[in-house]
Amino acid sequence: MKTIFSGIQPTAIFTLGNYMGAIKNWSALQDEYKCVYSIVDMHAITVKQDPVKLRAQTLNSYALTMACGIDVEKSVLFVQSHNKNHAEMNWILSCSTQFGELSRMTQFKDKSQKHPDDINAGLFTYPVLMAGDILLYQADLVPIGIDQKQHLELARNVAERFNFRYGDFFTIPEPFIGESGAKIMSLGDPEKKMSKSDDNPNASVYILESKDDIVRKFKRAVTDSESSVRFAEEKPGISNLMTIYGVCTGKTMSEIEAEFAGKGYGDFKLAVGETVADTLAPVRDEYARLTANKDYLLGCMKNGAEAALKISDKTLKKAYKKVGFIV
Ligand code: TRP
């Protein structure tokens, strides 16, 4: 069985786009792969965080990931800082990473521009920590968004360099872009991807929003001046709504066209809004159930950390031997 690893920042706010494009697919992978997922709080502190908020968000992200379908009986789900091997592997890999290659990371350049008062060393070596996350579990596949591709490429280079220097050891990870990962566009501007950082609050739908808010946002979604529900390049707004409706219902685009033939945009938008809200309802309910039971969540976290520690101990110990430490 191949191993999958992915990390989620506890500061991430899950939008409908994240859900349909990524997280929903992760749960589908659990039977075919050995999946290891981490809430990466150590990555989060490379930018300023309020400690009280970070702690709460880490717990909430853990619960939300479970509510989205990550089953802790099937997969390993843990908080990064609960496994000290990540910090230790970070050091080993730092010594196989070049200053020059880290300087070329576009995310580092972007983030340093955004936070000119806090260009800390952790922000610079962030991709090394990330490489360690992946390599500690000898992951074959890493589900990531396009924005993390450069970091994954660096992880591969670091692993190859280590293997070349010390003898074949690390599995070289491949990016994993899910086949049915739908690309969901903004409701305010269907030419743009749905993003949590959109200035227009009506552009993005969040997983935990109420049914009323979700329906209202879909009613306001930007479309076009025609009135036929038809999937077409020149109708990006309607096409986006059709994609969303298709993901929720499993219907094809032509089935959706047939369903709404002769009906106006008002009816269609209402149907999409209600269907999305109903699709997300079980996630919201499960999230409420989980967050109401903090002891249970902390218990799951503890088990996850133990499982992660056990797998990664082996890798770290071997890496220590390879570089010449007495173990
Ligand atoms: N850097 C990733 C992001 O911001 C999160 C992450 C950390 C990650 N470690 C990882 C993703 C390992 C995949 C694999 O989205």
Side-chain angles (χ1 to χ4, degrees), residues 2-15 17-19 21-23 25-26 29 33-49 54 57-58 61-62 64-65 68 70 75-90 93-94 97 101-102 105-112 114-115 120 122-159 170-178 181 193-197 304-305 308 311-312 315:
K2 289 195 168 177
T3 299
I4 282 194
F5 183 95
S6 199
I8 314 136
Q9 295 234 22
T11 47
I13 304 171
F14 295 173
T15 66
N18 300 137
Y19 181 67
I23 310 165
N25 298 318
W26 291 1
L29 301 171
Y33 300 93
K34 178 177 174 45
C35 297
V36 183
Y37 296 118
S38 182
I39 308 297
V40 291
D41 53 350
M42 291 165 72
H43 279 91
I45 62 163
T46 55
V47 296
K48 243 177 239 140
Q49 301 290 346
L54 179 63
Q57 278 176 327
T58 301
S61 303
Y62 193 94
L64 189 51
T65 308
C68 284
I70 301 305
S75 302
V76 178
L77 177 62
F78 73 104
V79 174
Q80 189 182 27
S81 64
H82 289 176
N83 181 357
K84 62 179 178 46
N85 292 343
H86 289 258
E88 292 188 32
M89 186 57 100
N90 182 40
L93 296 178
S94 289
T97 308
E101 59 187 341
L102 287 175
M105 294 293 114
T106 55
Q107 193 173 77
F108 171 69
K109 291 188 226 169
D110 291 347
K111 286 193 179 172
S112 338
K114 260 194 221 155
H115 310 277
N120 63 76
L123 194 63
F124 188 64
T125 61
Y126 177 115
V128 185
L129 184 63
M130 178 164 159
D133 297 344
I134 299 163
L135 302 179
L136 271 174
Y137 302 89
Q138 301 282 24
D140 300 284
L141 298 166
V142 183
I144 40 158
I146 193 86
D147 64 315
Q148 295 297 316
K149 256 193 118 178
Q150 197 186 27
H151 288 163
L152 186 67
E153 199 51 46
L154 182 123
R156 290 166 54 89
N157 290 339
V158 171
F170 285 125
T171 304
I172 308 299
E174 303 275 349
F176 184 84
I177 318 282
K193 217 176 112 179
M194 185 179 284
S195 152
K196 62 174 163 132
S197 45
I311 305 170
S312 57
T315 319

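Here, residue 1 is the first one in the sequence, and each next residue gets the next number. Predicted model, so just to flag it, every value in this text is computed and none were measured. Values reported hereafter were calculated over all heavy atoms of this structure, with side chains retained and with hydrogens, waters and symmetry mates removed. All ligand and atom numbering here is 1-based and tracks the order in the structure.
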*Asks:* Nearest protein heavy atom to atom 4 (O) of ligand 1, by residue and atom, and its distance?
*Replies:*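 Minimum-distance protein heavy atom for atom 4 (O) of ligand 1 reads Tyr126 OH, 3.1 Å.
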*Asks:* So does Lys109 have more than 12 non-hydrogen atoms from other groups sitting under 6.0 Å from NZ?
*Replies:*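 More than 12 heavy atoms, drawn from other residues, nucleotides or ligands, come within 6.0 Å of this atom.
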*Asks:* Can you tell which part of Leu152 has a heavy atom less than 4.0 Å from ligand 1: side chain, backbone, both or neither?
*Replies:*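 It is neither part, as no heavy atom is under 4.0 Å.
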*Asks:* Considering only non-hydrogen protein atoms, determine which one is nearest to atom 9 (N) of ligand 1 and report residue, atom name and distance to 0.1 Å.
*Replies:*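 Checked against all protein heavy atoms, atom 9 (N) of ligand 1 sits closest to Asp133 OD2, 2.7 Å.
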*Asks:* Anything under 30° is parallel, anything over 60° is perpendicular, the rest tilted; go ahead and classify Phe176 against Tyr33.
*Replies:*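 Taking Tyr33 first and then Phe176, their aromatic rings stand perpendicular (interplane angle over 60°).
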*Asks:* Atoms of ligand 1 less than 4.0 Å from Val142 heavy atoms?
*Replies:*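 Counting from 1, the qualifying ligand atoms are 13 (C), 14 (C).
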*Asks:* Heavy-atom distances under 4.0 Å decide this one: backbone, side chain, both or neither, for Asp147 against ligand 1?
*Replies:*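 Contact part for Asp147 vs ligand 1: neither.
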*Asks:* Ile144 heavy atoms, cut-off 4.0 Å: which ligand 1 atoms fall inside?
*Replies:*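 Under 4.0 Å from Ile144, ligand 1 has these atoms: 13 (C).
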*Asks:* Give the residue and atom name of whichever protein heavy atom lies nearest to atom 5 (C) of ligand 1, and the separation in Å to one decimal.
*Replies:*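 Result for atom 5 (C) of ligand 1: Gly7 O, 3.6 Å.
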*Asks:* Quick check: do Phe170 and Thr315 have side-chain heavy atoms less than 4.5 Å from each other?
*Replies:*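 When only atoms from C-beta onward are counted, Thr315 and Phe170 do touch, with a gap below 4.5 Å.
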*Asks:* Considering only the protein, which heavy-atom contact is closest to atom 12 (C) of ligand 1, and what is its distance?
*Replies:*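 That would be Phe5 CE2, 3.5 Å.
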*Asks:* Going by the atom numbers of ligand 1, which of them fall below 4.0 Å from some non-hydrogen atom of His43?
*Replies:*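 Once the distances to His43 are compared, the set is 7 (C), 9 (N).
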*Asks:* Do you know which two heavy atoms are closest between Thr106 and Gln150, and how far apart they sit?
*Replies:*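 Answer, listing the atom of Thr106 first, then Gln150: N-OE1, 2.8 Å.
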*Asks:* Which atoms form the tightest heavy-atom contact between Met42 and Ile45, and what is the distance?
*Replies:*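 So the minimum-distance heavy-atom pair works out to O-CG1, 3.4 Å.
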*Asks:* Should Ser6 be counted as touching ligand 1, given the test is an N or O pair under 3.5 Å?
*Replies:*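 Looking only at distances, the answer is no, because the N/O contact criterion of under 3.5 Å is not met.
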*Asks:* Compare every heavy atom of Asp41 with every heavy atom of Thr58, then report the nearest pair and how far apart it is.
*Replies:*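 Shortest heavy-atom separation between Thr58 and Asp41 comes out as OG1-CB, 4.1 Å.
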*Asks:* Quick one: closest heavy-atom pair of Phe108 and Leu123, and the distance?
*Replies:*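 So the two residues come closest at CD1-O, 3.7 Å.
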*Asks:* Write down the atom of Leu93, the atom of Ala131, and the distance for their closest heavy-atom approach.
*Replies:*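 Closest approach of Leu93 to Ala131: CD1-C, 3.9 Å.
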*Asks:* So which bit of Gln148 gets within less than 4.0 Å of ligand 1, heavy atoms only: side chain, backbone, both or neither?
*Replies:*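 For Gln148, only side-chain atoms sit under 4.0 Å from ligand 1.
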